[in-house]
Student: 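Here it is, the structure in full.
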Amino acid sequence: MKPELSNDDLKTLSQCMNSLKKFGFDKDFQATENGISAAGSNKVYKPEEVKIANFYRFEGETDPADSAVLYAIETADGEKGTLSDSYGAYADKAVADFIVAVEKIEKKHLE
């Protein structure tokens, strides 16, 4: 399910995260070198076990370091949550590598 948020939901990163929780995206995922896991969980999801339901970009008005991207993630076993990262030069390599791997898998399914 692709969550559709209103413009009011997209004003800040925190507002977007709170709005996504209403759609069941209540896990806070973190990237590691082995995949992503929800806070407080030992379960690690590989790129082939997740789908990016949607993503949202936020640009800092005065400071590019404030730019971020938020991914709404669904796992193969039904977990839903978000994964956030800085945008551009400040991006976390583990998050970027994971997202690229997921996108490559999703593109293969579309061909």
Side-chain angles (χ1 to χ4, degrees):
M1 171 183 141
K2 184 175 184 173
E4 297 293 335
L5 303 180
S6 72
N7 285 339
D8 287 336
D9 296 321
L10 300 174
K11 289 183 179 178
T12 67
L13 178 64
S14 61
Q15 283 177 317
C16 187
M17 291 174 83
N18 288 333
S19 295
L20 285 169
K21 286 181 182 179
K22 296 174 191 171
F23 287 92
F25 291 85
D26 57 356
K27 304 292 184 214
D28 181 22
F29 290 113
Q30 292 112 22
T32 68
E33 62 185 40
N34 298 321
I36 62 168
S37 62
S41 171
N42 292 328
K43 171 78 174 153
V44 177
Y45 296 97
K46 304 283 186 205
E48 58 272 12
E49 297 175 302
V50 304
K51 172 176 114 170
I52 299 170
N54 213 337
F55 68 94
Y56 310 90
R57 289 188 180 170
F58 299 89
E59 307 225 359
E61 291 183 27
T62 58
D63 184 356
D66 290 340
S67 298
V69 61
L70 180 68
Y71 299 96
I73 303 281
E74 296 179 357
T75 67
D77 63 359
E79 296 290 338
K80 296 196 297 188
T82 57
L83 175 65
S84 63
D85 192 15
S86 294
Y87 186 71
Y90 302 100
D92 180 321
K93 181 167 173 29
V95 174
D97 290 347
F98 183 81
I99 294 300
V100 166
V102 172
E103 289 172 340
K104 284 181 183 177
I105 292 166
E106 288 178 351
K107 285 178 184 176
K108 285 181 185 177
H109 291 297
L110 294 175
E111 294 176 354

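All heavy atoms count here, side chains included; hydrogens, waters and symmetry mates do not.
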Student: Scan side-chain atoms only and decide if D77 and Y45 contain a donor-acceptor pair under the 3.5 Å cut-off.
Tutor: yes
Student: Do V95 and V69 have side-chain heavy atoms sitting under 4.5 Å apart?
Tutor: no
Student: When you measure from the side chain of D85 to the backbone N and O of A91, does any donor-acceptor pair fall under 3.5 Å?
Tutor: no
Student: Roughly how far apart are R57 CZ and Y71 OH, rounded to 0.5 Å?
Tutor: 7.0 Å
Student: Are K27 and T75 side-chain neighbours, meaning at least one heavy-atom pair lies under 4.5 Å?
Tutor: no
Student: So do the side chains of I52 and I73 get within less than 4.5 Å of each other, counting heavy atoms only?
Tutor: yes
Student: What are the two closest heavy atoms between L70 and S84, and how far apart are they?
Tutor: CD1-CB, 3.8 Å
Student: How many angstroms lie between atom NZ of K22 and atom OG of S19, to the nearest 0.5 angstrom?
Tutor: 4.5 Å
Student: To the nearest 0.5 Å, how far apart are CD in E33 and CG in D97?
Tutor: 11.0 Å
Student: Does I99 share a hydrophobic cluster with F55, counting links as ILVMFWY side-chain heavy atoms below 4.5 Å and allowing steps through other members?
Tutor: yes
Student: So how far is it from E48 CD to K104 NZ, rounded to the nearest 0.5 Å?
Tutor: 13.0 Å
Student: Could you check whether any side-chain heavy atom of K43 comes within less than 4.5 Å of a side-chain heavy atom of S37, counting everything from C-beta outward?
Tutor: no
Student: If you compare all heavy atoms of D26 against all heavy atoms of K21, which two are closest, and at what distance to 0.1 Å?
Tutor: CA-CG, 4.2 Å
Student: Taking the side chain as C-beta and beyond, is there a heavy-atom pair between N34 and K46 under 4.5 Å?
Tutor: yes
Student: Do E74 and F25 have side chains that approach each other closer than 4.5 Å (heavy atoms only, starting at C-beta)?
Tutor: yes
Student: Measure across A38 and F29 and return the closest heavy-atom pair with its distance rounded to 0.1 Å.
Tutor: N-CD2, 3.6 Å
Student: To the nearest 0.5 Å, how far apart are CZ in F98 and OG1 in T32?
Tutor: 8.5 Å
Student: Could you grab the distance from atom CD of Q15 to atom CG of L20, nearest 0.5 Å is fine?
Tutor: 12.0 Å
